[in-house]
J.: 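Structure below; questions to follow.
Numbers here simply count residues along the sequence, with the first being 1. Every value quoted in this text rests on a predicted model; they were computed, and no experiment measured them.
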Amino acid sequence: MPRDIRLIVIHCSATPNGRALSHGSASIAAVIDGWHEARGFRREIYWRQQQNPMLSAIGYHTVIDTAGVIATGRHLDEVGAHAAGFNQNSVGVCMAGTDAFTPAQWSALQAVVADYRRRWPAARICGHRDFSPDRNGDGRVTPNEWTKTCPGFDVAGWLANGMTPLPRNVFAGA
Ligand SMILES: [Zn+2]
């Protein structure tokens, strides 16, 4: 049965900007899977049989490497492990990097979010840090309230700007 997706959550890998996570024969999904396995995440056998059986732990549904390669992780109908307290009705997408992503990654993210929007038109698109508690109760989660900075850019601003990133969030080369 398809899940009722209400949140599309964007993450970053908190690794150096512009540095690919895939290496040799290991895909970005396999690399992140290794990290999540070490953190104790586990996928259910049923879901591994549905998609990516070699990935035992990865918490995200989609990951995007620096070259703009889009790879799948968990099945979209499989509950993820990426946003504590919000996994049940969300999908998670992760960009390699910290706060500046390559033009190819931005194009890939646009494509992924456009696809998600078609699937779940009513879902809210947000960044992981937007789940930080609104400590002063003013109805906005401001930078001083972020418990983490992931995904390293303002998702609402990016959407309002027609999915065009700010120059400081574009990795222009080492
Ligand atoms: Zn995150």
J.: Main chain of Thr66, side chain of Thr102: is a donor-acceptor contact present, judged purely on distance under 3.5 Å?
T.: yes

J.: When hydrophobic residues are tied together by side-chain contacts of less than 4.5 Å, even through go-betweens, does Val170 share a cluster with Met95?
T.: yes

J.: Looking at Gly127 and Val9, what are the two nearest heavy atoms and their distance?
T.: C-CG1, 4.2 Å

J.: Would you say that Ile8 contacts Arg124 through its side chain, given a criterion of any heavy-atom pair below 4.5 Å between the two side chains?
T.: no

J.: Centres of the His82 and His11 rings: under 6.0 Å?
T.: yes

J.: Is the closest side-chain heavy-atom distance between Val69 and Ile64 below 4.5 Å?
T.: no

J.: Does a sphere of radius 6.0 Å around CD in Gln50 hold more than 12 heavy atoms from other residues, nucleotides or ligands, not counting ones at 6.0 Å or beyond?
T.: yes

J.: Would Asp4 and Arg6 pass as an ion pair if we require N to O under 4.0 Å?
T.: yes

J.: Test your reading of the model: is there a side-chain donor-acceptor pair from His61 to the backbone of Gly92, 3.5 Å cut-off?
T.: yes

J.: Should Leu76 and Ile28 be regarded as members of a common hydrophobic cluster, given that ILVMFWY residues are connected when their side-chain heavy atoms come within less than 4.5 Å of each other, either directly or indirectly?
T.: no

J.: Working to the nearest 0.5 angstrom, can you tell me the gap between Phe153 CZ and Ile10 CD1?
T.: 4.5 Å

J.: If Ile, Leu, Val, Met, Phe, Trp and Tyr residues are connected whenever their side-chain heavy atoms lie under 4.5 Å apart, and connections chain through other members, are Val113 and Val155 in the same group?
T.: yes

J.: With no hydrogens and no angle check, is any side-chain donor or acceptor of Asn169 less than 3.5 Å from a backbone partner on Ala100?
T.: no

J.: Between Asn89 and Leu7, does the side-chain contact (heavy atoms from CB on, under 4.5 Å) criterion hold? Intermediate values first, please.
T.: CA-CA 6 Å; Asn89 298 95; Leu7 288 168; over 6 Å; no

J.: Compare every heavy atom of Gly97 with every heavy atom of Ser13, then report the nearest pair and how far apart it is.
T.: OG-N, 2.9 Å

J.: Under a 4.5 Å cut-off applied to non-hydrogen side-chain atoms, are Arg74 and Thr62 in contact?
T.: no

J.: Within a strict 4.5 Å, meaning less than it, do heavy atoms of the Ile125 and Arg117 side chains meet?
T.: yes

J.: I need the minimum non-hydrogen distance between Gly73 and Leu55, along with the two atoms involved.
T.: CA-CD1, 4.0 Å

J.: Within the distance-only criterion (no hydrogens, no angle test), does the side chain of Thr98 pair as donor or acceptor with the backbone N or O of Thr15 below 3.5 angstrom?
T.: yes

J.: Answer yes or no: is there a donor N or O on one side and an acceptor on the other, between the side chain of Glu37 and the main chain of Ile58, under 3.5 Å?
T.: no

J.: Return the minimal non-hydrogen interatomic distance between Cys150 and Cys12, and the atom names on each side.
T.: SG-N, 3.3 Å

J.: Over all heavy atoms of both residues, which pair between Cys94 and Ile32 is shortest? Give the atoms and the distance, please.
T.: SG-CD1, 4.4 Å

J.: For Val79 and Asn87, work out which heavy atoms get closest and say how close.
T.: CG1-O, 3.7 Å

J.: Under 3.5 Å, is there a donor-acceptor pair between the Asn17 and Asp99 side chains?
T.: yes

J.: Whether the side chain of Ser27 engages the backbone of Ala30 through a donor-acceptor N/O pair (distance < 3.5 Å, no angle test) should be reported.
T.: yes

J.: Please state whether the rings of Tyr60 and His36 are parallel, tilted or perpendicular, taking 30° and 60° as the class boundaries.
T.: tilted

J.: Please confirm whether the ring centroid of Trp106 lies under 6.0 Å from the ring centroid of Phe171.
T.: no

J.: Using modelled atom types and a 3.5 Å cut-off, is there a donor and acceptor pairing between side-chain atoms of Asn52 and backbone atoms of Met54?
T.: no

J.: Could you measure the distance from the CD atom of Glu78 to the CD atom of Glu44? Nearest 0.5 Å is fine.
T.: 7.0 Å

J.: Can you tell me how far OH of Tyr116 sits from CZ of Arg119, rounded to the nearest 0.5 angstrom?
T.: 7.5 Å

J.: Is there a path of hydrophobic side-chain contacts, each under 4.5 Å between heavy atoms of I/L/V/M/F/W/Y residues, joining Trp120 to Ile70?
T.: yes

J.: In Å and rounded to the nearest 0.5 Å, what is the CD to CD distance from Gln110 to Gln105?
T.: 13.0 Å

J.: Working to the nearest 0.5 Å, report the span between CD of Gln88 and CD1 of Ile5.
T.: 9.0 Å

J.: Has the side chain of Asp65 got a donor or acceptor atom that lies under 3.5 Å from a matching backbone atom of Leu21?
T.: yes

J.: Could you tell me whether a side-chain N or O of Arg48 sits under 3.5 Å from a main-chain N or O of Arg43, the two making a donor and an acceptor?
T.: no

J.: So, does Trp158 use its side chain to make a donor-acceptor pair with the main chain of Met163 at under 3.5 Å?
T.: yes

